[in-house]
Number of protein chains: 2
Amino acid sequence: MRSEELPEIRHLHLFRDMAQANFEALMASSYAQSFPQGLEMARQGDPADFLHIVLEGSVELFAQWSGRECTMAVVRPVSTFILAACIRDAPYLMSARTLERARIILVPAADLRAMFRHDTEFAVSVINELAACYRSVVRSAKTLKLRNSRERVASYLLRQSILAGGVASYVLPVEKRLLASYLGMTPENLSRTLRMLEADGVKVDGARVIITDREKLTTLARPDRLIDGPDAVADATGSALPNIDFASGV
Amino acid sequence: MRSEELPEIRHLHLFRDMAQANFEALMASSYAQSFPQGLEMARQGDPADFLHIVLEGSVELFAQWSGRECTMAVVRPVSTFILAACIRDAPYLMSARTLERARIILVPAADLRAMFRHDTEFAVSVINELAACYRSVVRSAKTLKLRNSRERVASYLLRQSILAGGVASYVLPVEKRLLASYLGMTPENLSRTLRMLEADGVKVDGARVIITDREKLTTLARPDRLIDGPDAVADATGSALPNIDFASGV
DNA sequence: CTGATGGTTTGATATATATCAAACCATCGG
DNA sequence: CCGATGGTTTGATATATATCAAACCATCAG
């Protein structure tokens, strides 16, 4: 692991409050690894041996069943994923693959479990992290059950704009194919929906999103604090598909 | 609070491992309350002042958006709900209403937060509980995204049979209207789906479910350990709609 | 026993969404 | 520059699901 990386990791909410010596001990038993693009680094059902920390690149978390597959989240630096599985010493509920070349820190799950018994501040951090993750998936489930696909797309586009600082134009952080899967719809349906939304205050040209009438879009998307955030966590990192915190569990 | 109720609460995973004195302190600041049927005891968006423990009766957790509403979970004795909101000192993401007369213990959230800083065993229990809750919602999200409504119904019916001990016949624990909402479909669609499933090994007559051909039903439902469980937690209580643990967060 | 209530079922229909196929288009290695 | 690759869009169509309306049926208070 490179020395300049340690402060980045230390800065995460999860590791921010623990004793320095304990942080160092945890890092000493961890190691970095680089993965090429498109590599499946964890498969659902596998035992959770390591907490993963993304330092560079991006990772897709996805689920499979009966030959079907869907994107659950995209994790970007600097954040962690599959915390929950590590804690419960249980099989991963999702698979993970790199979307681009990625640099990952692997923290042995056993050391993690030992550590929060030993360092109360760390235990509190884990509690806060898990609670935030939980709430994030609940939001996600609410969006799936309460909004139709047009509303999901509209609220996603609006939310991304807000996350980017309220800008009127930005670039989609992921391929549309992947976005469609994340939003629970087919690429074709997303494509058509985007076209239809031109009448509602957003235009999407390639990967470029332009909000032409924010008020109109807001009327359609009906953003809700209890679904779309903001939530306290937000890790202040490069937010991707979901509010980053969403990803950390599995 | 009645003296015979304390052991029941103490028996929950969440409270099982903490020091006796600490448990007593927590209970001393808590109080019991009975709610009539159909009462909305918590509304989404409200500040999370209390952890709720269901001792008798049952509670529906539901979410609302834009005039629509859907059932997220049903909580039965003895288990807790809205842990995550309490921990983060954040607004509830779901509302709660009694499905029948219910007896609830209210544990002040502030005391809870103070306690896990003070009692490491309790902190570890909270960690485990939250991790289990997280995994449970992820399973739920997977079912919503990967299975169509017929598959959701089939796997639900099969899962309930297994939870009841592998019986061939059992009674639905909730109204069909509510079950439909939980499964993300309309009552009419559920009704028709149940009729169609008679060709696939289950018959539902009123609230009575009869599995006529388990193998056939299994072929259709394709139960998956990473969606349908079993999961370690399972609290061994009267499991309701979801694996109980699913409910505890919010 | 009886009427009122509210959940359930059924039928007819509309709408949302998926599927299939083909064209299109950007990207990238040679 | 070119052809191959893989994502995207478009059109035609099928399917799943929701909606609306009415009938049905269990439960319960009077």
Side-chain angles (χ1 to χ4, degrees), chain A residues 36-38 60 62 65-71 74 97 99-101 143-154 156 171-200 202-209 220, chain B residues 36-38 58 60 62 65-71 74 97 99-101 143-154 156-157 171-200 202-209 220:
Chain A
Q37 183 191 50
E60 175 191 6
F62 62 103
W65 179 78
S66 193
R68 295 168 214 167
E69 147 174 347
C70 73
T71 301
V74 170
R97 74 163 75 96
L99 287 176
E100 52 196 324
R101 208 197 128 281
T143 248
L144 283 173
K145 290 185 85 167
L146 290 167
R147 305 210 254 228
N148 62 29
S149 65
R150 192 174 61 135
E151 291 161 342
R152 291 200 297 276
V153 173
Y156 172 82
V171 172
L172 288 174
V174 292
E175 283 177 356
K176 286 180 185 165
R177 184 183 56 85
L178 196 150
L179 177 58
S181 178
Y182 173 66
L183 294 174
M185 56 202 292
T186 59
E188 295 95 325
N189 192 12
L190 173 61
S191 181
R192 279 185 255 267
T193 302
L194 289 176
R195 179 58 37 93
M196 286 174 54
L197 285 178
E198 284 180 18
D200 298 284
V202 257
K203 193 170 177 327
V204 179
D205 183 30
R208 171 124 246 134
V209 179
L220 174 64
Chain B
Q37 183 192 49
S58 57
E60 176 191 6
F62 62 103
W65 179 77
S66 193
R68 296 168 214 166
E69 148 174 345
C70 73
T71 302
V74 169
R97 73 163 78 95
L99 288 176
E100 52 196 324
R101 206 197 130 282
T143 247
L144 283 172
K145 290 185 84 168
L146 291 168
R147 303 211 256 228
N148 63 29
S149 65
R150 193 174 61 134
E151 292 161 341
R152 291 199 297 276
V153 173
Y156 173 81
L157 293 176
V171 172
L172 289 174
V174 293
E175 282 177 356
K176 287 180 185 164
R177 183 182 58 86
L178 195 150
L179 177 58
S181 178
Y182 173 67
L183 294 173
M185 56 202 293
T186 59
E188 295 94 326
N189 192 12
L190 173 61
S191 181
R192 279 185 254 267
T193 302
L194 289 176
R195 178 56 37 91
M196 286 174 53
L197 285 179
E198 284 180 18
D200 299 284
V202 256
K203 193 170 178 326
V204 179
D205 183 29
R208 171 125 246 133
V209 179
L220 175 64

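- Under the rule for a side-chain hydrogen bond (donor to acceptor under 3.5 Å, both in side chains), the partners of B:Ser66 that lie at least two apart in sequence or sit in another chain are A:Arg222.
- Atom pair B:Asn148:CG and D:dA18:C1' shows a separation of 15 Å (rounding to whole Å applied).
- Pairing for C:dC28 is with D:dG3, a Watson-Crick or G-U wobble pair whose two hydrogen-bonding atom distances lie under 3.5 Å.
- Between B:Tyr156 and B:Leu172 the shortest side-chain heavy-atom distance falls below 4.5 Å.
- Close to D:dT10, at under 4.0 Å from its OP1 or OP2, lies a side-chain N or O of A:Arg195.
- Distance CD (B:Glu100) to C1' (D:dC28): 17 Å, rounded to an integer number of Å.
- At a threshold of 4.5 Å between non-hydrogen side-chain atoms, the residues A:Val74 and A:Pro173 do not count as touching.
- For the segment residues 186-194 of chain A, the set of residues with a heavy atom within less than 4.0 Å of an atom of DNA chain C comprises A:Thr186, A:Glu188, A:Asn189, A:Arg192, in numerical order.
- If you measure from atom CE of B:Met185 to atom C1' of C:dT15, you get 17 Å, rounded to the nearest angstrom.
- Atom pair B:Glu151:CD and D:dT15:P shows a separation of 16 Å (rounding to whole Å applied).
- Going from atom CZ of A:Arg177 over to atom CD of A:Glu188 covers 12.5 Å, rounded to the nearest 0.5 Å.
- Distance, B:Arg150 CZ to C:dA18 P: 17 Å, rounded to whole Å.
- Side-chain atoms of A:Arg152 come within 3.5 Å of backbone N or O of A:Arg147 as a donor-acceptor pair.
- Between B:Thr71 and B:Leu183, the closest side-chain pair of non-hydrogen atoms is not below 4.5 Å.
- The residue among A:Gly184 and B:Val204 whose nearest nucleotide of DNA chain C lies closer to the 5′ end is B:Val204.
- Rounded to a whole Å, the CZ atom of A:Arg68 is 12 Å from the P atom of C:dA18.
- With contacts defined as side-chain heavy-atom distances shorter than 4.5 Å, the pair B:Met185/B:Val153 qualifies.
- In a base pair of the Watson-Crick type (N1 to N3 plus N6-O4 or O6-N4) or a G-U wobble (N1-O2 and O6-N3), with each distance short of 3.5 Å, C:dA22 is matched with D:dT9.
- When the C1' atom of D:dT10 is taken as reference, atom CE of A:Met196 falls 15 Å away, rounded to whole Å.
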For nucleotides 5-7 of chain D, which of its nitrogen or oxygen atoms have a protein nitrogen or oxygen under 3.5 Å away, and what is each distance?
none

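- Atom pair A:Leu183:CG and C:dA16:P shows a separation of 18 Å (rounding to whole Å applied).
- In this structure, the side chain of A:Lys176 does not engage the main chain of A:Ala207 through any donor-acceptor pair within 3.5 Å.
- Considering only heavy atoms from C-beta on, B:Tyr182 stays 4.5 Å or farther from B:Val174 through its side chain.
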